[in-house]
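Predicted model only: the values in this text are computed from it and were never measured. Convention: sequence-line order gives letters A, B, ...; per-chain numbering from 1.
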Number of protein chains: 2
Amino acid sequence: MSTIEDVAKLAGLSRTTVSRVLNNHPYVSEEKRKLVIEAMEHLGYVPNSSARSLRNRKTGIIAVLIPKISTPFFSQLIERLEIAASEKNYQLIICQTQYSDKKERTYLDLLKTKQVDGVIMTSCENDWKIIDAHLDYGPIVLCNEIIENVEVPMVFMNQMKSGYTIAKHLIESGHRKIAYCTNGTDKVTLQARETGFKRALAEAGLSIHREDYFQHVSSISDGKNIFHQLYHNCNSPTAIFTGSDSVAAGIISEAKRHGWVIPQDLAVVGFDNMEITELMDPMITTVIQPVETMAAKAIDVIVDKIHKKQYRSRETHEFTATLAIRESTLVNSKLVATS
Amino acid sequence: MSTIEDVAKLAGLSRTTVSRVLNNHPYVSEEKRKLVIEAMEHLGYVPNSSARSLRNRKTGIIAVLIPKISTPFFSQLIERLEIAASEKNYQLIICQTQYSDKKERTYLDLLKTKQVDGVIMTSCENDWKIIDAHLDYGPIVLCNEIIENVEVPMVFMNQMKSGYTIAKHLIESGHRKIAYCTNGTDKVTLQARETGFKRALAEAGLSIHREDYFQHVSSISDGKNIFHQLYHNCNSPTAIFTGSDSVAAGIISEAKRHGWVIPQDLAVVGFDNMEITELMDPMITTVIQPVETMAAKAIDVIVDKIHKKQYRSRETHEFTATLAIRESTLVNSKLVATS
DNA sequence: GTGAAAGCGCTAACAT
DNA sequence: ATGTTAGCGCTTTCAC
């Protein structure tokens with residue numbers, strides 16, 4: 001492993017000059033620059049990033065905290081974050097919290113130990129008081145998560161609009177008894193979605209019946225279970241918003257096995273535009289999240305914060321989803337922006 | 001940001017002693033140890049990882065090179081790699097090559113610049129000569145990839161066995177005209193799979209007809225295209241191995257739209273056990289890769305290499321897949337090991 | 001059992 | 001335009 005010193009010696013110059021060439025500083029004569037470059041090539045010199053990090057007080061690494069990588073939405077998000085980061089010459093460390101507050105805290109410490117320049121959180125398991133303390137050490141950006149009254153940038157999709165648009169679509173398709181699924185009401189994002197959904201219903205003089213409201217629903221098997229509840233309900237709804245493509249697929253798959261015809265017997269709406277939505281028969285009406293745009297913005301914002309060295313500031317960066325209307329709610333499919 | 005010096009001063013001791021406490025060295029009196037710990041807590045001291053990396057010549061970071069994160073198989077692999085790495089206190093930097101040899105080279109340089117202690121490659125886009133040169137700087141482990149005559153550890157699944165088992169299963173189900181899809185023949189892994197497949201056919205006195213052999217096939221739409229080729233072929237095969245769940249799903253979805261009944265009109269086998277395989281109707285017979293085991297082994301091996309500081313050595317760590325027999329090839333499903 | 005001092009590889013005042 | 005020098009924060013001989 002050759003060092004900057006070796007290069008300097010071989011070129012017959014000082015470490016400073018070599019460093020200047022390395023960092024494209026002005027005030028280096030063409031002549032010496034060539035000498036340095038030759039020496040570097042001859043030695044196969046590459047700067048040591050630990051030394052640079054120590055000296056410059058920056059690592060060029062961003063940590064991404066994510067509950068579970070293999071969840072299709074999250075893997076798409078990571079994919080886009082990686083692309084955006086690499087365009088700005090940042091590396092991404094991937095940290096799987098597995099929805100554990102303890103792991104989340106451990107990973108946030110990467111900021112304290114200066115192993116990373118910033119953290120992107122795609123969900124939040126701890127009390128904000130705990131997270132907030134970490135802002136003394138570096139920037140934190142929320143991507144795909146909203147928390148009220150906190151001083152960090154947040155990048156997210158307007159869930160209220162998408163909830164509203166979905167309900168509106170179902171109402172316009174003639175449905176009057178509509179079921180709703182959610183994975184919880186503790187997240188601001190999910191609350192907003194529900195609020196938008198209910199608003200559209202209210203505007204049409206409708207509401208969600210008690211027996212048509214399902215909580216803590218997220219997997220394929222949850223979907224299958226829900227179908228069975230509907231199946232045994234003599235006054236079952238004519239449409240259901242599932243909040244998740246997996247749940248939608250589970251419901252549809254089970255419904256078909258029991259002889260139901262979708263959407264005639266039950267219209268189904270998913271969420272996230274996973275691959276299955278176009279593979280199922282019928283293809284599933286779903287919400288396309290602007291993953292690429294959100295990822296690019298999150299990286300933009302955090303890189304900006306890193307440079308400005310100003311970590312506390314409330315900013316909201318809001319994007320709009322698209323409703324992809326497919327066979328599970330209609331015969332003819334089309335695209336509709338939720339705006 | 002407090003440093004080790006600050007802690008030393010506050011505790012009225014030397015940097016050395018603080019460092020000893022930090023690294024659990026022996027020969028520190030209980031009394032002073034307590035003093036140090038108190039001081040650290042008082043200051044909220046956390047060691048700076050750049051300084052440690054520079055001094056110790058190790059970063060505790062492993063780079064994972066992956067073609068595309070959102071591919072379900074790869075996202076599962078990353079998930080498991082992250083879990084295994086974090087158990088050994090390593091962080092993972094995720095590098096998306098997008099099948100580009102240039103990006104791959106850029107990322108391999110992380111080894112030279114000492115930004116990472118080792119690299120796990122899940123595919124390989126460059127000539128091995130180029131990769132090999134990087135072994136002077138740190139360990140490289142292949143996970144899910146085989147390259148002949150190279151001096152690195154390789155962790156993989158026995159593709160020959162799985163190809164053999166799949167063909168055997170189709171033959172035993174009574175099929176005599178069987179189609180084969182592959183995403184290419186340049187990879188040793190895919191070649192092995194094909195060899196095993198053909199061997200089982202040969203043993204039954206069968207072979208793959210020219211028109212039943214499909215190359216460069218990997219996506220849902222590829223699957224749909226293939227179905228149309230079969231559809232217009234008056235002597236179409238009775239079974240098809242697709243090499244990919246996406247392709248299998250594409251074929252099935254399109255076949256059903258054209259009135260075919262699966263598996264009666266066509267038996268279909270996928271690969272990877274993605275979520276869709278259990279959602280499609282019929283559920284898809286597929287190969288379950290031992291992702292978790294391979295990931296754990298890959299981390300084990302690379303951590304070992306890092307410690308031993310011996311990077312060149314040919315080792316093969318082979319695992320066996322499981323064939324999940326489902327509705328797309330049979331009426332009654334069951335699990336069969338490919339061993 | 002504890003401390004003084006050297007140095008990992010790099011950059012940036014500062015001086016020339 | 002180029003070089004000298006002082007650290008960044010940490011670990012580790014070596015000496016006591």
Quiz item: Between A:Ile93 and A:Ile61, which heavy-atom pair has the shortest distance, and what is it?
Solution: CG1-CG2, 3.5 Å
Practice problem: State, with a plain yes or no, whether a side-chain heavy atom of A:Tyr107 is found less than 4.5 Å away from one of B:Gln91. | Solution: yes
Quiz item: End-to-end bend of the helix from C:dG1-D:dC16 to C:dT16-D:dA1 (five-pair axes, 10° rounding)?
Solution: 40°
Quiz item: Starting at CD of B:Gln115 and ending at P of C:dG9, how long is that distance when rounded to a whole Å?
Solution: 17 Å
Self-check item: For atom OH of B:Tyr27 and atom P of D:dA15, their distance in whole Å
Solution: 18 Å
Which side-chain N or O atoms in residues 142-150 of chain A pair as donor and acceptor under 3.5 Å with protein atoms at least two apart or in another chain?
unit_1, atom_1, unit_2, atom_2, d
A:Glu145, OE2, A:Cys124, N, 3.0
A:Glu145, OE2, A:Lys187, NZ, 2.9

Quiz prompt | Check: B:Glu315/B:Ser313 side-chain N/O donor and acceptor closer than 3.5 Å | solution = yes
Exercise. Identify the heavy atoms of A:Leu54 and B:Ala51 that sit nearest to each other, and give their distance.
Key: CD1-CB, 3.8 Å
Quiz item: Do B:Thr16 and B:Ser19 get their side chains close enough for a donor-acceptor pair, meaning under 3.5 Å?
Solution: no
Self-check item: Sequence neighbours excluded, every pair satisfying side chain to side chain donor-acceptor pair (under 3.5 Å) that has a member inside residues 37-56 of chain A
Solution: A:Asn23-A:Arg52
Quiz item: Is there a side-chain contact between A:Tyr137 and A:Asp109, using heavy atoms and a 4.5 Å cut-off?
Solution: no
Quiz item: Which pair of heavy atoms, one from A:Cys95 and one from A:Leu110, lies closest together, and at what distance?
Solution: SG-CD1, 3.9 Å
Exercise. Please list residues of residues 28-42 of chain A whose heavy atoms come under 4.0 Å from any atom in DNA chain C, ordered by number; otherwise none.
Key: none
Quiz item: For every nucleotide of nucleotides 6-12 of chain D, 5' to 3': is a protein heavy atom under 4.0 Å from its base (B), only from its sugar-phosphate (S), or from neither (-)?
Solution: BBBBBBB
Quiz item: Got a sec, which residues hit side chain to side chain donor-acceptor pair (under 3.5 Å) with B:Gln159, two or more places apart in sequence or on another chain?
Solution: B:Arg193
